[in-house]
Amino acid sequence: MKKLLIFIVLVLTLAICLSGCYPNKEMYDQEDADKITAKGTEMMQVWLDENMPDATLEECTAFIAWTNYDGNNYLTDYASGQISQNGKKKTFTIHTVTGAVYFEMDADTRQKLNEIAESYFDEAIEAIGIVPESVDEGYAFQCYVMAPAKDGESTTEVPWVYSFDFGLPAGVEDLNAFVQNSQSRLPIYVKKPEFTVSDNTDLSAYDLVAMETLENEYGFHIGSMSINNVGQHFQKNDYRDKMCAELWEYGCWYKADGFELYGMVHERSEERKIETNELTVSDIKYNPEKDLLFEQTSYGYLWSVLSEDWPPDYGFVLIAYKGAEILNSDFYYLDTKENPSDKSLETTWLEREGYYVLASGANHSPLKLYDDKKLVRKIQTDSKVTHA
C-alpha cells in the first residue's frame with residue numbers, strides 16, 4: 001500500500017516546464033564597464049600586495065551578468081580575472097564597492113563543499129523532523145556560496161538576479177569550519193534532490209515560514225527541495241522574483257468494486273515577493289463526498305468535479321486490484337460529448353506491485369483523468385493487461 005500511494009503522489013505531481021528565447025542586448029554603457037575594470041584592477045592589486053605578495057595579477061575586467069529571464073547582459077559592481085602564483089593560475093572576482101574577494105574552486109574542492117554542505121543541511125532538516133529515507137537516483141546535491149548581486153552601496157542591478165556563484169570567499173581554508181559557522185558566513189544556496197520521508201512524517205506541518213526560519217538559523221537558502229511521503233508532497237522553490245512553498249495532499253475520492261480513484265484533497269500555496277517581503281497564502285481543501293459526481297453508465301464511467309476551486313489541469317489516477325471486474329475491460333478515454341472512434345485515446349492496464357493502474361494505450365504512461373471526461377468500454381472478449 002505504501003508503494004502504491006507514493007506512486008500515486010509522484011504521478012499526480014508531474015509538471016510541465018516551459019522555456020523561451022530572448023533577444024540579447026547590452027544594458028549598460030561601455031564607459032561604465034571600463035570604470036569597473038579600472039577600479040577592480042586597482043583594488044585587486046592592492047589586495048594582492050597585502051595578502052598574496054608573491055602572486056601576479058594577469059588580467060581583470062568588469063563582470064557582465066547575463067540573465068535568462070530576459071536574455072540581456074547587465075553590468076555589475078564585480079570585476080573578474082586571473083592571477084598567477086607559483087606557476088598556477090587562479091580565477092578571482094572582486095567587488096569594487098566592498099572589496100570582497102572570491103576565488104573559483106577546482107572540481108575536488110567543489111565536490112568536497114557539496115558533501116560537507118549536504119551533511120550539514122541534512123542535520124538542519126532532521127532537527128525539525130524531516131529525515132530523508134530515499135533520494136531520487138541520478139540527481140546530486142548542489143550548492144554554492146551566495147555572493148550578493150548588490151552589496152554595500154552598490155548601484156548596479158541585474159533584474160531578478162540576487163546572487164552569483166564566484167566560488168569561496170578569500171581566506172577560507174577549513175571547509176568544515178566555514179560551513180558550520182553559519183552566522184558569520186554568507187548564505188549557501190542549496191538544491192536538494194527529491195526525496196521521500198517516513199509515513200509518520202506529516203508534511204502539512206511545514207510551510208514557507210518554517211523553511212525561512214531554518215534557513216536563517218543554519219545559513220542556507222533553499223533554492224529547490226521536494227519531499228514525498230505516502231500521501232503528501234511538499235516543495236520549496238525560487239521563481240524569479242518570489243520564493244514559494246507548496247503542499248499537496250492526496251486521497252481516495254471514490255472506492256467501489258475493486259477500484260479506487262485518487263486525487264488532490266488539500267493544496268496550500270505560499271509565495272513571498274522578494275522585493276516587498278509580502279506573503280500570500282492560498283489554502284484549499286476538497287471534500288470528495290461533496291465535490292465529485294461519479295457514475296457507472298451502460299457504456300462505462302462518467303465523472304465531474306463540482307468544486308469551483310478545482311483547476312482544469314488537475315486529474316485523477318485510477319487504480320484497480322486483482323480480481324476487480326473493471327480489469328476485464330479496456331476503455332476509450334475522451335470528452336463527454338465525443339464518441340469513440342479510431343482517433344480516440346485508447347487505454348490499457350499496467351501491472352504494478354499488488355495493483356493495476358489505468359494507462360495510455362499509446363505510450364503506457366499512467367493516465368490522468370481530467371474533469372468532465374469519460375471512459376467508454378471497448379467491445380472485446382478478453383482483457384488486455386500490460387505487465388510493466
Side-chain angles (χ1 to χ4, degrees), residues 26 28-67 73-120 141-158 161-190 219-221:
E26 294 183 353
Y28 61 91
D29 293 329
Q30 185 58 46
E31 183 180 352
D32 293 331
D34 292 341
K35 291 179 181 179
I36 295 293
T37 295
K39 188 174 182 181
T41 300
E42 179 183 355
M43 292 179 67
M44 192 62 194
Q45 185 60 63
V46 171
W47 189 91
L48 289 175
D49 292 341
E50 295 178 353
N51 298 277
M52 299 173 65
D54 59 336
T56 301
L57 179 61
E58 299 289 344
E59 60 180 89
C60 181
T61 57
F63 175 74
I64 307 299
W66 178 86
T67 168
N73 297 308
Y74 290 85
L75 181 65
T76 71
D77 284 309
Y78 287 97
S80 294
Q82 284 192 330
I83 64 170
S84 59
Q85 184 184 40
N86 300 324
K88 296 182 179 180
K89 291 187 176 182
K90 294 182 179 180
T91 298
F92 72 88
T93 301
I94 185 169
H95 194 281
T96 59
V97 176
T98 66
V101 175
Y102 304 84
F103 285 104
E104 187 176 86
M105 293 179 285
D106 57 32
D108 290 341
T109 303
R110 183 172 290 277
Q111 178 61 30
K112 186 176 180 181
L113 177 65
N114 281 331
E115 293 172 356
I116 294 172
E118 182 176 20
S119 177
Y120 189 51
F141 180 92
Q142 297 178 356
C143 73
Y144 70 85
V145 179
M146 299 175 67
K150 294 186 68 174
D151 197 9
E153 299 179 356
S154 293
T155 57
T156 58
E157 184 173 355
V158 183
V161 174
Y162 303 96
S163 65
F164 300 112
D165 177 10
F166 292 134
L168 289 173
V172 174
E173 297 181 356
D174 187 330
L175 287 179
N176 276 295
F178 172 72
V179 172
Q180 294 279 340
N181 197 0
S182 59
Q183 298 305 306
S184 63
R185 60 164 168 77
L186 290 169
I188 296 176
Y189 184 98
V190 300
F220 287 112
H221 178 80

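Positions are given from 1, in the same order as the sequence printed here. Since the structure is predicted, the reported quantities are computational estimates derived from the model, not experimental observations.
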Nearest heavy-atom pair of [X] and [Y]: which atoms, and what distance?
X     : Y     : result
Leu48 : Thr56 : CD1-C, 4.4 Å
Asp77 : Ile36 : OD1-CD1, 4.0 Å
Met43 : Gly99 : CE-CA, 3.6 Å
Ala55 : Gln85 : CB-CB, 4.1 Å

Point to revise | Heavy atoms of other groups near Gln180 CD, more than 12 under 6.0 Å | key: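 Enclosed.
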Check your understanding: If you count the non-hydrogen atoms of other residues, nucleotides and ligands that lie under 6.0 Å from CD in Glu153, is the total more than 12?
Key ->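 Not buried by this count: 12 neighbours or fewer within 6.0 Å.
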Review point. Rounded to the nearest 0.5 Å, what separation is found between the CG atom of Leu57 and the CH2 atom of Trp47?
Key: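 CH2 of Trp47 is found 11.5 Å from CG of Leu57.
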Review point. Taking atom types as modelled, is there a side-chain donor on Ser163 or Tyr144 under 3.5 Å from an acceptor on the other?
Key: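 Looking only at side-chain atoms, Tyr144 and Ser163 do form a donor-acceptor pair, the distance falling under 3.5 Å.
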Check your understanding: Do Asn114 and Glu118 have side-chain N/O donor and acceptor atoms under 3.5 Å apart?
Key ->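 No, no side-chain donor-acceptor contact under 3.5 Å.
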Practice item. Identify which one of Ile64, Asp29, Val158 satisfies the side-chain contact (heavy atoms from CB on, under 4.5 Å) criterion when paired with Leu75. Key: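 Going through the options one by one, the only one that passes is Ile64.
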Exercise for review: Given side chain to side chain contact (heavy atoms under 4.5 Å, CB included), test Tyr102 with Ser80 step by step and report yes or no.
Suggested key: CA-CA 9 Å; Tyr102 304 84; Ser80 294; over 6 Å; no
Is there a side-chain contact between [X] and [Y] (heavy atoms, below 4.5 Å)?
X      : Y      : answer
Phe164 : Thr76  : yes
Ile188 : Val179 : yes
Leu168 : Leu175 : yes
His95  : Ser154 : yes
Val161 : Tyr74  : no
Ser182 : Phe220 : no

Review point. Hey, do the aromatic rings of Phe166 and Phe63 have their centres closer than 6.0 Å?
Key: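 Phe166 vs Phe63: aromatic centres under 6.0 Å.
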Exercise for review: Could you tell me whether Lys88 and Asp106 have a side-chain N and a carboxylate O separated by less than 4.0 Å?
Suggested key: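 A salt bridge is absent here (no side-chain N lies under 4.0 Å from a carboxylate O).
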**Study point:** Lys/Arg cation over aromatic Phe103: Arg110, 6.0 Å, 45° cone
**Key:**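 Relative to the ring axis of Phe103, which defines the angle, Arg110 lies outside at least one limit.
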